[in-house]
2 protein chains.
Amino acid sequence: MDWSIQEIAKMAGTTSRTLRHYDDIGLLKPSRTGHNGYRYYDGPALVQLQRILLLRELGLGLPAIAEVLNRETDTVKALSGHLEWLAREQDRLTRQIASVRQTIDTLKGDGKYMAQDMFDGFDHTQYKDEVEERWGKDAYATSDSWWRSMSPDEKQQWKDRLQKLSADWIAAAESGVSPGSAEVQDLARRHVEWLRGIPGTPTAAPGGDVKGYVTGLGEMYVADPRFGANYGGEAGATFVRDALRVYAEENL
Amino acid sequence: MDWSIQEIAKMAGTTSRTLRHYDDIGLLKPSRTGHNGYRYYDGPALVQLQRILLLRELGLGLPAIAEVLNRETDTVKALSGHLEWLAREQDRLTRQIASVRQTIDTLKGDGKYMAQDMFDGFDHTQYKDEVEERWGKDAYATSDSWWRSMSPDEKQQWKDRLQKLSADWIAAAESGVSPGSAEVQDLARRHVEWLRGIPGTPTAAPGGDVKGYVTGLGEMYVADPRFGANYGGEAGATFVRDALRVYAEENL
DNA sequence: CTTGACCTTGACGTAACGTCAACCTTTACT
DNA sequence: AGTAAAGGTTGACGTTACGTCAAGGTCAAG
């Protein structure tokens, strides 16, 4: 006694297309094939199908299910491995949700700082990547591992600090003050201090060419539009560069 | 001043393939194209790219990102909608993880009851689907909404009850007792009582053809291998059928 | 004999690129 | 100037698990 493809599909709560697919990939062959090519399934096949669908609902991939059915892998082992993957996914989702929430909040607050999120430790890192020969080949690796090793809280603090700095730079640039003025020079000092917190850069290393690095960075800020996007346009970047140049000349 | 495809790719932290893809789907066109077909990107393009990558990291799909960039959709609105989807995904994951955990526990406990998980309220439901004309067309809908309206705790209780019943049936069938014996008849009584808990069936409706339904179910238990898989093979199903028939004749 | 209802085998579409493959350009070096 | 190493271009397939036509046989019923 066996059933046609539609019949088992209904019995198992799936579609005939799925059955054909499982046949194609060798996951579940029909127990019998008519001379006309029709697929027929018997009781054991139906039970197998139910097991397949059960595992599928748990999120296992078809190849993994095939392994279990072929007894190449223990069911418990397969599910345990799958569970780990699920846990990682859940974790990723949780963090992504937090990121989206924060981005929304930031956007609602003041659109000016939206791009801020991408201008974190990575940016300076990646930035150096372009000129790594100039200040050391391993700067990237050092900087990258430093950033990765930070806790979310620490990263947030870092970003907050950068955001304040950025806001102050924009305000200064828009106010029309001179880059050489005392208040702007204090901003430059804060900027350099902030830079000193990034390992792998000359500003962090004792005896590094801080002066050359800072003035060089200033030029890059102007040349790289990403920077301008975060500091009030190209004019903002120019302003920052000028201020940093003055500061470097006078203090470094 | 512009850059080659590899240059911006590095600057933005992505690959040239991605850039070509974005060009293909119209998400980000190069600012200039050389006579040789080379793609060149300028500052604004780089900034756009950064925005794209930022949104992508938040999990937005490329079409959604395109809408945001074309100002067809507000960024906040797009992210809010995305957030809902993320929340649903997280919820789904959480429940799936719980299912996997429980399945693992069940498997570790006693392999015999693994298939149990799929033999829940749905099965009787779906079961009736095949013969719905026999006992009412709306049986499925009633039964389905009933099951869906149950809390996870209630569902678990239901499953536990079924599991005990199943274990007792298997034990009885294997012990070699007669289906008409007092102890087995008590099992049959419990089985019918359990069936009465499922709305939309004649066992639950006042004045329903309980006798016909129960004996009919017994026949189906034998005919349907899924049942045998949960009740100790075809012999188990036959045993259950016989016991139910006796019970129905004598008590219903 | 003619409908339907059901079956079959292709084959495209999906999300977002990774990864060759085959071939042309530019850059750098002898 | 010649050549080899980078780097660029356009296809096109592969990935997950089927959904969804499309074109054309098969079977049960009237």
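Predicted, not measured: the structure shown is a model, and the values here were computed from it. Numbered from 1 within each chain, the chains take letters A, B, ... in sequence-line order. Note that these values count all heavy atoms, side chains included, but never hydrogens, waters or copies made by symmetry.
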Asker: For residues 85-95 of chain A, tabulate all N or O donor-acceptor pairs below 3.5 Å that involve a side-chain atom, not counting sequence neighbours.
Answerer:
unit_1: A:Glu89; atom_1: OE1; unit_2: A:Arg92; atom_2: NH2; d: 3.0
unit_1: A:Glu89; atom_1: OE2; unit_2: A:Arg92; atom_2: NE; d: 3.2
unit_1: A:Gln90; atom_1: NE2; unit_2: B:Thr94; atom_2: OG1; d: 3.0
unit_1: A:Thr94; atom_1: OG1; unit_2: A:Gln90; atom_2: O; d: 2.8
unit_1: A:Thr94; atom_1: OG1; unit_2: B:Gln90; atom_2: NE2; d: 3.0

Asker: List the residues meeting side chain to side chain donor-acceptor pair (under 3.5 Å) with B:Thr15, not counting sequence neighbours, and say none if there are none.
Answerer: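 Expected list: B:Thr18.
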Asker: Under a criterion of less than 4.0 angstrom to any heavy atom of chain A, what are the 5'-terminal and 3'-terminal contacting nucleotides of DNA chain D?
Answerer: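 So the outermost contacting nucleotides come out as D:dA17 to D:dC27.
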Asker: Note down the inter-axis angle between the two ends of the helix from C:dC1-D:dG30 to C:dT30-D:dA1, five pairs each, to the nearest 10°.
Answerer: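 Both end axes considered, the difference amounts to 30°.
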Asker: Tell me which residues in residues 62-72 of chain A lie within less than 4.0 Å of DNA chain D, going by non-hydrogen atoms.
Answerer: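 A:Leu62, A:Pro63, in order of number.
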Asker: Does B:Ile104 reach the side chain of B:Leu107, with side-chain heavy atoms less than 4.5 Å apart?
Answerer: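 SC-SC contact between B:Ile104 and B:Leu107 ruled out.
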Asker: Can you check side-chain contact (heavy atoms from CB on, under 4.5 Å) on B:Leu79 and B:Val68, steps first, answer last?
Answerer: CA-CA 10 Å; B:Leu79 286 181; B:Val68 170; over 6 Å; no
Asker: Roughly how many Å is it from NE2 in B:His82 to C1' in C:dA15, rounded to a whole number?
Answerer: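 Interatomic distance, NE2 of B:His82 to C1' of C:dA15: 14 Å.
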Asker: Atom CD of B:Glu57 to atom C1' of C:dA15: distance rounded to whole Å?
Answerer: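 Taking CD of B:Glu57 and C1' of C:dA15, I get 17 Å after rounding.
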Asker: Does A:Ile5 reach the side chain of A:Tyr38, with side-chain heavy atoms less than 4.5 Å apart?
Answerer: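 Side chain of A:Ile5 against side chain of A:Tyr38, heavy atoms only: no contact under 4.5 Å found.
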Asker: For B:Gln96, give me all partners under side chain to side chain donor-acceptor pair (under 3.5 Å), at least two apart in sequence or on another chain.
Answerer: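 Scan of B:Gln96 (side chain to side chain donor-acceptor pair (under 3.5 Å), adjacent residues dropped) gives none.
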Asker: Name all residues meeting the side chain to side chain contact (heavy atoms under 4.5 Å, CB included) criterion together with A:Glu7; count only those two or more places apart in sequence or in a different chain, and write none if there are none.
Answerer: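 A:Glu7: side chain to side chain contact (heavy atoms under 4.5 Å, CB included) contacts with A:Trp3, A:Ser4, A:Met11.
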Asker: Would you call A:Leu49 and A:Leu53 a side-chain contact if the rule is heavy atoms closer than 4.5 Å?
Answerer: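 A side-chain contact exists here, since the closest heavy-atom pair is under 4.5 Å.
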Asker: How about A:Leu55 and B:Thr103: do any of their side-chain heavy atoms sit closer than 4.5 Å?
Answerer: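 Counting from C-beta outward, A:Leu55 and B:Thr103 never come under 4.5 Å.
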Asker: Would you sort out whether A:Leu69 and A:Leu28 count as a side-chain contact (heavy atoms from CB on, under 4.5 Å), showing the intermediate values?
Answerer: CA-CA 10 Å; A:Leu69 295 187; A:Leu28 181 67; over 6 Å; no
Asker: For B:Arg17 and B:Gln6, find the nucleotide of DNA chain D closest to each by heavy atoms; which residue's nucleotide sits nearer the 5' end?
Answerer: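 This one resolves to B:Gln6.
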Asker: Using side chain to side chain contact (heavy atoms under 4.5 Å, CB included) as the criterion, list what pairs up with B:Ala45, not counting sequence neighbours.
Answerer: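 Scan of B:Ala45 (side chain to side chain contact (heavy atoms under 4.5 Å, CB included), adjacent residues dropped) gives B:Tyr41, B:Asp42.
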Asker: Enumerate the residue pairs fulfilling salt bridge (Lys or Arg N to Asp or Glu O under 4.0 Å) with a member in residues 19-40 of chain A, sequence neighbours excluded, ordered by first and then second residue.
Answerer: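 Salt bridge (Lys or Arg N to Asp or Glu O under 4.0 Å) check on residues 19-40 of chain A returns A:Asp2-A:Arg32, A:Asp23-A:Lys29, A:Asp23-A:Arg39.
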Asker: Give every residue pair that meets the salt bridge (Lys or Arg N to Asp or Glu O under 4.0 Å) criterion with at least one member in residues 53-68 of chain A, sequence neighbours excluded.
Answerer: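 Every candidate salt bridge (Lys or Arg N to Asp or Glu O under 4.0 Å) pair involving residues 53-68 of chain A fails, so no pair, neighbours aside, qualifies.
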Asker: How is A:Thr15 classified with respect to the nucleic acid when contacts are heavy atoms under 4.0 Å: base, sugar-phosphate, or nothing?
Answerer: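 Answer is sugar-phosphate: A:Thr15 comes under 4.0 Å of backbone atoms only.
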Asker: I need the residues from residues 19-40 of chain A with at least one non-hydrogen atom less than 4.0 Å from DNA chain D; give them sorted by number, or say none.
Answerer: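 Here the set is A:His21, A:Tyr22, A:His35, A:Asn36, A:Tyr38.
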Asker: Categorize A:Ser16 for me: base, sugar-phosphate, or nothing, with a 4.0 angstrom heavy-atom threshold over every strand shown.
Answerer: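 Nothing, no nucleic acid heavy atom in range.
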